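Note sheet for the following structure.
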Amino acid sequence: MKPIEKLVKDQLRNLKPCVHGGEVLDAASKSGLLREQVLDFSSSVNPLGPSKKALEAAKAGFKEIPAYPDSECNQLREAIAAHYTCINKRNVVVGNGSTELMYLFAEAFMKEGEKAVMAAPTFGEYEGAIRKTGQKTQFVKLGNDFNIAEGTFIKEIADAKLVFLCNPNNPTSLLIPQEILTSIVERALEQDTLVFLDEDFLEFVENQKSLSLIGKIKKYPNLFILRSFTKIYGLTGLRVGYGVANPEIIDVLMCTKIPWNVNCLAQSAAVAALKDEEHLKVTLELIKKEKAWLAAEFSKFRDFKVYPPDANFFFIDIRETGLKAVELTSRLLHQGILIRDCSSFNGLDQYFVRIAVKTHSENARLIDALKQAVKN
Ligand SMILES: Cc1ncc(COP(=O)(O)O)c(C=O)c1O
């Protein structure tokens, strides 16, 4: 028989998994620590964890395990529509984490010879999703301030089938100014380009309701908006996210997705999480307070260049410390603190780190560890 490698589709032959934050087990085993000894600032999720009501709903869902879950996630789609009021169930598709929907979207829409455009740096799975289709990715490098240069970006998308935008962006924690966002979506509409707008971190932004484009989907039939239960809802390990768009797009995705893609526990927990507004309120208050505290503490590190964060994580240029991100990350890990070395992001050099906002005692531990790490 031929080597298996020769039987694999060309575009899948040399795929490598994307690097992510949150690899706590791996970090622990590399540094000889137990998982419980590592405090994870590398993945930017709710530091309080999920709502207790969501966990209770997941437990109550145990009795449903012997049956297949609802393949169409009807109850959850209705709950999501009710949460926003301006949309209905036919505007919503649910995925096994929002990542599934990136791959599904690319699979459904990218045809032979077409190209997708995205910023550099941005979240790595957009590129992974396009690479899997065998089509081309074009990166548009962000400027020194990590903002999108409107003119350049619009020029680059001229012959694109699909544009990925992340608002606020990972890893920079920066919002796209609203007028630039609108002008990209409108130009894309004029030229039949689809826009995949990732709003997974928008729920951490104070005036998020006025910044979201969910209310604008009727105006923009080319727009697909991504949301997740991983980040502010903290249902990270259950894997559930969703997309909002016009039924023409949603119907295609509903028919293209695998059946039963979201398990019954995830569906029940997500419905309950949406209803627990108190948990969201407490989370947002904590993030606001701790973000301000961390910003003040980081400003005492004169060699840090801290980009003012719009989301629940900080993006820091540490080159003036003389340390590379890999070195700072390793020094912190020896003290049981895991941060994200951003060197793997396309468009960044080796001097950027990303640090999530956690609870006060955890943030205080981070600052103590940083003082040690930078002093050495
Ligand atoms: C911007 C962004 N979008 C999507 C995801 C994936 O989220 P999910 O857990 O919903 O698949 C991540 C994960 O880090 C992310 O940073």
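As the structure is a computational prediction, the values presented were derived from the model and not from experiment. Here, residue 1 is the first one in the sequence, and each next residue gets the next number. Counting starts at 1 for both ligands and their atoms, in listed order.
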Any ion pair linking Lys219 and Glu186 (charged N to carboxylate O, less than 4.0 Å)?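 Looking at Lys219 together with Glu186, the answer is yes, because their closest N to O distance falls below 4.0 Å.
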Aromatic ring proximity, centroids under 6.0 angstrom, Phe313 and Phe41: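 Ring centroids of Phe41 and Phe313 are no less than 6.0 Å from each other.
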is_close_aromatic(Phe146, Phe315), centroid dist under 6.0 Å: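 Yes, close enough.
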Between Glu290 and Asn363, is there a side-chain donor-acceptor contact under 3.5 Å, judged purely by atom types and distance?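 Yes, a side-chain donor-acceptor pair sits under 3.5 Å.
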With a 4.5 Å heavy-atom cut-off, do Phe314 and Lys291 have their side chains touching?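 Contact flag for Phe314/Lys291 side chains = yes.
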Assign the ring pair Tyr126 / Phe123 to parallel, tilted or perpendicular, where the plane angle (0 to 90°) is split at 30° and 60°.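 Answer is perpendicular, since the angle exceeds 60°.
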Check each N or O atom of ligand 1 against all protein N or O atoms and list the pairs under 3.5 Å, with atom names and distances to 0.1 Å, one per line.
| residue | atom | partner | partner atom | Å |
| --- | --- | --- | --- | --- |
| ligand 1 | 3 (N) | Asp198 | OD2 | 2.6 |
| ligand 1 | 3 (N) | Asp200 | OD2 | 3.3 |
| ligand 1 | 7 (O) | Ser98 | OG | 3.2 |
| ligand 1 | 9 (O) | Thr230 | OG1 | 2.6 |
| ligand 1 | 9 (O) | Arg239 | NH1 | 2.8 |
| ligand 1 | 9 (O) | Arg239 | NH2 | 3.2 |
| ligand 1 | 10 (O) | Ser98 | N | 2.7 |
| ligand 1 | 10 (O) | Ser98 | OG | 2.7 |
| ligand 1 | 10 (O) | Ser228 | OG | 2.6 |
| ligand 1 | 10 (O) | Thr230 | OG1 | 3.3 |
| ligand 1 | 11 (O) | Ser98 | N | 3.1 |
| ligand 1 | 11 (O) | Thr99 | N | 2.9 |
| ligand 1 | 11 (O) | Thr99 | OG1 | 2.6 |
| ligand 1 | 11 (O) | Arg239 | NH2 | 2.7 |
| ligand 1 | 14 (O) | Lys231 | NZ | 2.8 |
| ligand 1 | 16 (O) | Asn170 | ND2 | 2.7 |

